[in-house]
A.B. asks: 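This is the structure I want to talk about, given as C-alpha cells.
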Amino acid sequence: KNKELYVMFIGAGDWDKPQLNLAIEAGLKTIVTNQNPESLCLKIADISILADGRDIYKILSFIFENNLQDKILFIYSGTELFTTVSTISKVLNIPWHSILGSYICEKKHLMRKYFSKNNIKTPLGFSAKSFNEFENKKNNLNNNFSNWIFKPSDSLSSKGVSIADSDRDLYDCFSHALSNSLSRIVICEEFIPGTLHDINGILNQGKFYPLGINDKKAAPPPYAVVVEGTAPTILMPQKQDQ
C-alpha cells in the first residue's frame, strides 16, 4: 500500500484519455508512450516517454534507467501494439498474453496460417508479396470472386485496406495495400458483403465471456475504412449468440 504504482499506456492517443482517467481515479500513477509530442495523454501523464510504440528497446531502457521496473502494475495499449505490450510485460513478470499470440495478432498472414491450422473459418484467399504472385495464385484458386479485399499484413486499423469490385481495380488496390505494409505482404481474400460488427469478449481457459457487440459502417469501395460506430448492437439476441 505504501508503494507508488503505475499503469503504463503504450502508444496512447487522445482517444485513450478516458482509460487514463480511470487509472488516475483509482489512485494510480500513469506512464504514457507516444511518438507524437502533441499527444494529449502524453501531456497529462505523470511520466511521459517520447517513443514509437514499436521501439521496445527504447521503452525498456527508459524503464530500467529510471528504476520503474518494480512499480508498474499493468501495461495497456489502446491500439494494436500487442507485441510491445506482451514483450515488456514478460520482461517485468506482469501477466499478459503470450508474445507469440500477440505477434500473430499483428501479422494477418500469420493469422490466416493459424486460423487454417486450428480449423477457424476465414474467407477464401492467400497472401502475396507482389502483384504477379497474386495473379498466379488467383489463377490457381479456380474461384471467380465478385469482389476482392486487399489488406496489408501489418498496418494498424484499416489503413491500406481496399476493395476491388472489378478486374481493372485489382492492380491499384493491391498496390495500395502493399505500400502500407511494413513486411511487404498483402492479404488477398474474397470480400463477403454483409453487416459489420466488432465483437468484444474475453477467452479464458476455453470459455468465452461476451462483453458486447458494436455495429460499424464502412465507407463505400474502394476504401473499406470504418466511418461510423454505434453501441449497443441492434442485432437480435439469437444473432448475437451466433
Side-chain angles (χ1 to χ4, degrees), residues 1-108 154-159 180 182 198-205 208-214 216 225-232:
K1 287 183 179 180
N2 297 325
K3 199 173 186 179
E4 190 175 50
L5 295 176
Y6 291 84
V7 175
M8 188 171 197
F9 293 79
I10 302 294
D14 295 355
W15 55 86
D16 291 306
K17 189 174 180 291
Q19 288 88 328
L20 201 72
N21 287 335
L22 285 173
I24 294 170
E25 290 168 7
L28 297 163
K29 299 287 187 178
T30 57
I31 304 172
V32 169
T33 80
N34 199 300
Q35 63 180 343
N36 177 12
E38 298 303 316
S39 164
L40 180 59
C41 288
L42 202 65
K43 292 179 178 179
I44 64 176
D46 293 289
I47 296 176
S48 300
I49 305 174
L50 190 63
D52 187 324
R54 291 190 176 95
D55 195 340
I56 297 172
Y57 181 84
K58 184 174 182 179
I59 297 170
L60 280 175
S61 295
F62 187 97
I63 291 171
F64 293 139
E65 293 294 337
N66 291 277
N67 294 315
L68 295 167
Q69 58 269 28
D70 296 322
K71 298 179 180 180
I72 299 174
L73 182 67
F74 190 73
I75 304 176
Y76 170 85
S77 177
T79 186
E80 298 166 6
L81 296 166
F82 312 125
T83 303
T84 299
V85 178
S86 60
T87 301
I88 296 176
S89 295
K90 183 74 173 178
V91 172
L92 301 183
N93 293 315
I94 297 172
W96 221 78
H97 305 290
S98 72
I99 296 175
L100 174 60
S102 300
Y103 186 76
I104 291 169
C105 283
E106 289 190 40
K107 304 289 183 180
K108 294 182 179 67
D154 47 12
S155 72
L156 298 179
S157 301
S158 54
K159 184 179 180 182
N180 284 280
L182 294 173
D198 181 21
I199 302 169
N200 300 282
I202 296 172
L203 185 64
N204 183 46
Q205 297 181 348
F208 181 71
Y209 299 86
L211 296 179
I213 300 174
N214 301 329
K216 293 187 174 183
V225 178
V226 172
V227 293
E228 184 180 323
T230 57

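In this chain, numbering begins with 1 at the start of the sequence shown. We use all heavy atoms of the structure for the numbers below, so side chains are in, but hydrogens, waters and symmetry mates are not.
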A.B. asks: If you take all heavy atoms of Asp16 and Cys41, which pair is closest and at what distance?
C.D. replies: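 That would be C-SG, 3.8 Å.
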A.B. asks: Is any side-chain heavy atom of Asn36 less than 4.5 Å from a side-chain heavy atom of Leu42?
C.D. replies: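 Asn36 does not reach Leu42 side chain to side chain.
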A.B. asks: Is there a donor-acceptor pair closer than 3.5 Å between any side-chain N or O of Thr87 and the backbone N or O of Thr84?
C.D. replies: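 A pair under 3.5 Å: no.
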A.B. asks: Side-chain contact, heavy-atom cut-off 4.5 Å: Trp96 with Lys90?
C.D. replies: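 Not in contact.
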A.B. asks: Taking atom OG of Ser155 and atom CD of Glu80, what is their separation to the nearest 0.5 Å?
C.D. replies: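 Separation between the atoms: 8.0 Å.
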A.B. asks: Return the CG to CD distance between Leu20 and Glu25, rounded to the nearest 0.5 Å.
C.D. replies: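 Here the rounded value is 10.5 Å.
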A.B. asks: Judged by atom type as modelled, is there a donor-acceptor pair below 3.5 Å linking the side chain of Asn214 to the main-chain atoms of Gly229?
C.D. replies: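 No; judged by distance alone, with no hydrogens or angles, the pair does not exist.
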A.B. asks: Any side-chain heavy atom of Ile63 sitting closer than 4.5 Å to one from Val91?
C.D. replies: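 Ile63 does not reach Val91 side chain to side chain.
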A.B. asks: Looking at Ile75 and Ser89, what are the two nearest heavy atoms and their distance?
C.D. replies: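 What the structure gives for the nearest pair is CD1-OG, 3.6 Å.
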A.B. asks: If I compare all heavy atoms of Ser86 with all of His97, which pair ends up nearest, and what's the gap?
C.D. replies: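 Between these two residues, the closest heavy atoms are CB-O, 3.5 Å.
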A.B. asks: Return yes when atom OH of Tyr76 has more than 12 non-hydrogen atoms of other residues, nucleotides or ligands closer than 6.0 Å, and no otherwise.
C.D. replies: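 Enclosed: over 12 neighbouring heavy atoms sit under 6.0 Å from OH of Tyr76.
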A.B. asks: Less than 4.5 Å apart, side chain to side chain, heavy atoms only: is that true for Met8 and Ile49?
C.D. replies: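 Yes, their side chains come closer than 4.5 Å.
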A.B. asks: Given Glu106 and Asp154, is the side-chain contact (heavy atoms from CB on, under 4.5 Å) satisfied, shown in steps?
C.D. replies: CA-CA 6 Å; Glu106 289 190 40; Asp154 47 12; 5.6 Å; no
A.B. asks: Nearest 0.5 Å, please: how far is CD in Gln35 from CG in Asp52?
C.D. replies: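 Reported value, rounded in 0.5 Å steps: 4.5 Å.
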A.B. asks: Report yes if some heavy atom in the side chain of Lys71 is under 4.5 Å from a heavy atom in the side chain of Ile31; otherwise report no.
C.D. replies: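 Heavy-atom side-chain distance check fails, nothing below 4.5 Å.
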A.B. asks: When rounded to the nearest 0.5 angstrom, what distance separates OG1 in Thr83 from CG in Leu100?
C.D. replies: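 Here the rounded value is 9.5 Å.
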A.B. asks: Which atoms form the tightest heavy-atom contact between Ser39 and Ala12, and what is the distance?
C.D. replies: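 The pair with the smallest heavy-atom distance is OG-O, 3.0 Å.
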A.B. asks: My understanding is that only residues two or more places apart in sequence, or in another chain, count here; which of them pass side chain to side chain contact (heavy atoms under 4.5 Å, CB included) with Lys58?
C.D. replies: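 Checked Lys58 against side chain to side chain contact (heavy atoms under 4.5 Å, CB included); matches are Ala51, Asp55.
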A.B. asks: Going by the side-chain contact (heavy atoms from CB on, under 4.5 Å) test, name the single residue among Thr30, Leu68, Leu28 that passes it with Tyr6.
C.D. replies: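 For Tyr6, the side-chain contact (heavy atoms from CB on, under 4.5 Å) test succeeds with only one of Thr30, Leu68, Leu28, which is Leu68.
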A.B. asks: Let me confirm one number: the CG-CD1 distance from Asn93 to Ile72, rounded to the nearest 0.5 Å.
C.D. replies: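 Answer rounded to 0.5 Å: 12.0 Å.
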A.B. asks: Just wondering, do Phe9 and Gln19 contact through their side chains at under 4.5 Å, heavy atoms?
C.D. replies: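 The answer is yes, as the side chains (C-beta and beyond) meet within the 4.5 Å cut-off.
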A.B. asks: Starting at CD1 of Ile56, measure out to CD1 of Ile88 and round the result to the nearest 0.5 Å.
C.D. replies: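 One gets 6.0 Å once the value is rounded to the nearest 0.5 Å.
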A.B. asks: Do the non-hydrogen side-chain atoms of Thr33 and Phe62 ever get within less than 4.5 Å of each other?
C.D. replies: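 No. Closest side-chain heavy atoms not under 4.5 Å.
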A.B. asks: Ser77: what forms a side chain to side chain contact (heavy atoms under 4.5 Å, CB included) with it, not counting sequence neighbours?
C.D. replies: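 If we apply the side chain to side chain contact (heavy atoms under 4.5 Å, CB included) test to Ser77, skipping adjacent residues, the hits are Ile10, Thr79, Leu81, Val85.
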A.B. asks: Decide side-chain contact (heavy atoms from CB on, under 4.5 Å) for Leu182 and Arg54; before the verdict, give the C-alpha distance in whole Å, the side-chain angles of both, and the deciding distance to 0.1 Å.
C.D. replies: CA-CA 12 Å; Leu182 294 173; Arg54 291 190 176 95; 3.7 Å; yes
A.B. asks: If you count heavy atoms of other groups shown closer than 6.0 angstrom to OH of Tyr57, is the number above 12?
C.D. replies: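 No - once you tally the heavy atoms of other residues, nucleotides and ligands closer than 6.0 Å, there are 12 at most.
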